[in-house]
Colleague: 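Next up is a structure, given as structure tokens.
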Amino acid sequence: MSAATAVSAENICYSDVRSVANRVAAQLQLCCPHSSTSYPLARVIHARIITSGFRPRAHILNRLIDIYCKSSHFTYAKQLFDGIPQPDVIARTTLIAAYSASGNPKLAREVFDKTPLNIRDTVFYNAMITCYSHNNDGHSAIKLFNDMKRKGLFPDNFTYTTVLAASSLIADHENHCKQLHAVVAKSGTETVTSVMNALVSLYVKCASSPMASSALLMDSARKLFDEMTVKDELSWTTIIAGFVRNNNLDAAREVFNKMDEKLVVAWNAMISGYVHKGLISEALEMFRMMSLQGIKQDEFTYTSVLSACAEAGLFHFGKQLHAYILRTEVKTGGEFLVSVNNALITLYGKCGKVDQARKIFGQIAVKDLVSWNAVLSAYVSARRINEAKHFFEKMPEKNSLAWTVMISGFAQNAFGEEGLRLFNQMRLNGIEQCDYAFAGAITACAVLAALEQGRQLHCQIIRLGFDSSLSAGNALITMYARCGVVEAAHTLFLTMPCLDSVSWNAMIAALGQHGHAAQALELYEEMLEEQIPPDRITFLTLLSACTHAGLVEEGRRLFNSMSENFGINPGEDHYARLIDLLCRAGKFSEAKNVIQNMPFEPGAPIWEALLAGCRNHRNLDLGVQAAERLFDLMPQHDGTYILLSNMFATAGRWEDAAKVRKLMRDRGVKKEPGCSWIEVENNVHVFLADDTAHPEMHAIYDYLYKLVLRMRKLGYVPDTKYVLHDTESEQKEYALSTHSEKLAVVFGLLKLPRGATIRVFKNLRICGDCHNAFRFMSMAEQRLIVVRDGKRFHHFRNGECSCGNYW
DNA sequence: CTAGGGTTAG
């Protein structure tokens, strides 16, 4: 009988109270507290009770209260409860349990406090302790446990089990475990399986705290487990999952192998352990063994294995798996369980098949939050930021994860302002901001070079206790470096409590971008000594560091060692950096040789690197060849046209230069306008070439004019040839123009306190004349001037630039 | 006790 038919029964008239009672009891049988149809049914029953004058027994009221709480209708629940003349302890316990299950520990506590002391019993305390435990408040649970013992009540098995579970939420030290272990040992419950399971679980949870010794605690957990006389399924899976979570995996495998009848849960724990550790082939091997042994797999198995495929980019295998599980039972009503669909969305999303992912999403009848988030992530990782934005706005419900994805999506696609705006909006909406959200916001600051905002976020991170977070810490390293304060990045790196390969890569990249190639290489050596395996990104950053400093020999050595010593095959991006390195050093024949011997056809990154090198060395012939390939490969890319026309202009081939410009116009290619910005008193001031929009422009030009006179006395000669090397305004290419970076630096000189470092940021590569001018400015003004351009940093001090005029 | 959605490095 469905709820709908039960509801229509409302119209039937019942003459006596007994039949009402029977009817109510029958209807309540239909209610499952979590079902969405139960609430309307409960309303009908409630109404029937009121109109009939029937006085239901306590258990009927308790059940109705339960349904109301679980459908978040607390007012009705309270009304019912208040209608009970003298609610007994069972009614009160039910209400507490109901509030607990609906995530309202405060309301539960109100009921608890209003209950007369003399009727509080052990079960009543258990309910409140469980409530705290389920709502992640370990401290209150333990407080209540002690309170209960002081009142002379005897904790039972259930109390110990819950208190141990609650303690595992907060235990971060060996001593916590030992103390509770002693309490349990004294209680006479150390043979009760559920209590011992909870104790093992406590050790396991504590072992994953950064403050505790993981190995020691897992040893204790293992010893406890071995001593247990009666082990149930939970015991086995707790210890296996514990070893999996705490990274010892071999130990997990050892226990797993000892299991007589290996449970699906245990298989699943092993598989997910391998997936999370990146051991994809091991995960798939276990999956294969499972299939061969005919063990029935469930949705946990499939979601883990699908995520393994997504992680490893095994699109083909994933698709086969998709077909395979179509024949299985992870379906309801002909459709996959939503979790399996979600894993499929992620698989297709991670393999770049965003539209396929979107299609699966569209076919899901009952989507959950994970489904929405998976599609959002697919759009973001495909850099389809506009679609991501629209999708995000359409989401019926957004959790902190969705906001985080969107914030970092904006940041990664250079929409720093949008990212920060969303982060603030998230805060206004009262959404909890975890370290991941902060990491996204900090990346937005790095994009904008908003140092002050970044610093403020850093302070908040410390205040909130996220300062040991890897994601936040790693983002901060990059933020400080990209805001020009590489020293702050380094200090942070040295003081972080734990580091991962991302931290090392970030710091190596930071040093490289600032031209400290030697230090970057030293750090790399240290990384190897610390047994952190370098990855493909480590080598990308190292090769860039070598390029910035012109260390050809070192770069070549590193390039060769990546495949010889670390088994990493160089990708096109690695080759592109090698070409860059060689070309900037003028070694064109070697570069051509590398291109000819590459294991794949050269793509745009290779030709771009070659063209950049040709520009620096005025190798027009080769430059034209590279540019022609680029015109084919990416006809809409503005940089190629600008570079080539400048190269022609430098060589005096004005007609060719004009031809390239015309080609650009004919193809409708728009040049990205150059702009520079500087942060002054927490405000970002943006300048374009020949800008007149800034309110203090008069003072800026005035100061610049006088400053140039002083610079000339020190030997500065404005280089008019760079006017032809125009990187900013196409229209005024033959006119004398003032580039945006000069305006920004001069504004900084006017506004920032004496002696303060000037930090200016530019979206494009710095112009040659500006570069020269800043050397003299740093001398004339006795200032440190730091400029970040599209590629790297320049530190101007006493007339010299850190790049050694090589960029 | 197990799963599906996040972050940071170029």
Side-chain angles (χ1 to χ4, degrees), chain A residues 197-198 200-201 204 232-242 244-245 263-273 275-276 297-308 310 330 336-347 349-350 368-378 380-381 399-409 411-412 434-443 446 469-479 481-482 499-510 512-513 534-545 571 573-574 576-577:
Chain A
N197 284 347
V200 172
S201 180
V204 162
D232 64 6
E233 298 185 351
L234 193 63
S235 325
W236 286 95
T237 44
T238 304
I239 194 77
I240 292 172
V244 169
R245 270 169 54 118
L263 298 159
V264 189
V265 187
W267 285 95
N268 293 345
M270 289 304 307
I271 292 176
S272 74
V275 175
H276 286 297
Q297 295 153 336
D298 63 9
E299 70 267 30
F300 289 87
T301 324
Y302 297 130
T303 47
S304 291
V305 179
L306 283 171
S307 108
V330 292
F336 279 141
L337 290 175
V338 68
S339 59
V340 176
N341 270 323
N342 295 342
L344 285 169
I345 292 175
T346 306
L347 171 74
K350 286 253 166 80
D368 67 8
L369 195 52
V370 178
S371 327
W372 286 87
N373 286 341
V375 176
L376 182 67
S377 302
V380 165
S381 58
N399 62 356
S400 139
L401 192 144
W403 287 82
T404 306
V405 172
M406 199 61 231
I407 290 169
S408 51
Q412 284 161 2
C434 65
D435 52 342
Y436 290 136
F438 273 93
I442 291 162
T443 305
S469 153
L470 270 174
S471 44
N474 293 343
L476 281 167
I477 292 176
T478 306
M479 187 277 291
R482 294 190 58 187
L499 302 168
D500 65 359
S501 61
V502 177
S503 328
W504 288 88
N505 288 348
M507 195 61 230
I508 291 172
Q513 286 158 358
D535 56 21
R536 40 178 296 107
I537 292 172
T538 317
F539 289 104
L540 284 177
T541 60
L542 286 169
L543 288 169
S544 297
D573 36 7
H574 294 99
R577 278 170 168 73

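Model, not experiment: these values are computed from the prediction. Order of the sequence lines sets the chain letters (A, B, ...), proteins ahead of strands, with each chain counted from 1.
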Colleague: At a heavy-atom distance below 4.0 Å, which nucleotide of DNA chain B is the first touched by chain A, and which is the last?
Modeller: B/dC1 to B/dG10
Colleague: Would you mind telling me which of A/Asp298, A/Thr237, A/Thr303 makes a side-chain hydrogen bond (donor to acceptor under 3.5 Å, both in side chains) with A/Asn268?
Modeller: A/Asp298
Colleague: Categorize A/Val275 for me: base, sugar-phosphate, or nothing, with a 4.0 angstrom heavy-atom threshold over every strand shown.
Modeller: nothing
Colleague: Can you measure from CH2 (A/Trp267) to CD (A/Gln297) and round to the nearest 0.5 angstrom?
Modeller: 9.0 Å
Colleague: What residues, two or more places apart in sequence or in another chain, satisfy ring-ring contact (aromatic ring centres under 6.0 Å, His included) together with A/Trp372?
Modeller: A/Phe361, A/Phe391
Colleague: Stepwise, does the side chain to side chain contact (heavy atoms under 4.5 Å, CB included) test hold for A/Thr346 with A/Ser307?
Modeller: CA-CA 7 Å; A/Thr346 306; A/Ser307 108; over 6 Å; no
Colleague: Would you say the side-chain atoms of A/Ser339 and A/Asn342 include a donor-acceptor pair closer than 3.5 Å?
Modeller: no
Colleague: Would you classify A/Asn197 as touching base, sugar-phosphate or nothing, given that sugar-phosphate means primed atoms plus P, OP1 and OP2, and contacts are heavy atoms under 4.0 Å?
Modeller: nothing
Colleague: How would you label the contact of A/Gln297 with the nucleic acid (heavy atoms, under 4.0 Å): base, sugar-phosphate, or nothing?
Modeller: nothing
Colleague: Within the structure shown, what part of the strands sits under 4.0 Å from A/Thr404 by heavy-atom distance: base, sugar-phosphate, or nothing?
Modeller: base
Colleague: What does A/Asp435 touch in the nucleic acid at a heavy-atom separation under 4.0 angstrom: a base, only the sugar-phosphate, or nothing?
Modeller: nothing
Colleague: Under 4.0 Å, counting only non-hydrogen atoms across every strand here, what does A/Arg577 touch: a base, just sugar-phosphate, or nothing?
Modeller: sugar-phosphate
Colleague: Kindly compute the distance separating CD1 (A/Ile508) from OG (A/Ser503), expressed to the nearest 0.5 Å.
Modeller: 10.5 Å
Colleague: Which part of the nucleic acid, if any, lies within reach of A/Val405 when heavy atoms closer than 4.0 Å are counted: base, sugar-phosphate only, or nothing?
Modeller: sugar-phosphate
Colleague: If you look at every strand shown and take non-hydrogen atoms under 4.0 Å, does A/Thr443 touch a base, only sugar-phosphate, or nothing?
Modeller: sugar-phosphate
Colleague: For residues 435-443 of chain A, which side-chain N or O atoms pair as donor and acceptor with protein atoms under 3.5 Å away, sequence neighbours left out?
Modeller:
unit_1   : atom_1 : unit_2   : atom_2 : d
A/Asp435 : OD2    : A/Ser469 : OG     : 2.7
A/Thr443 : OG1    : A/Ala439 : O      : 2.8

Colleague: Look at all strands and tell whether A/Ser235 reaches a base, only sugar-phosphate, or nothing, counting heavy atoms closer than 4.0 Å.
Modeller: nothing
Colleague: With a non-hydrogen cut-off below 4.0 angstrom, is A/Asn341 in contact with a base, only sugar-phosphate, or nothing?
Modeller: nothing
Colleague: Does A/Ile240 reach a base, just sugar-phosphate, or nothing at all? Heavy atoms under 4.0 Å.
Modeller: nothing
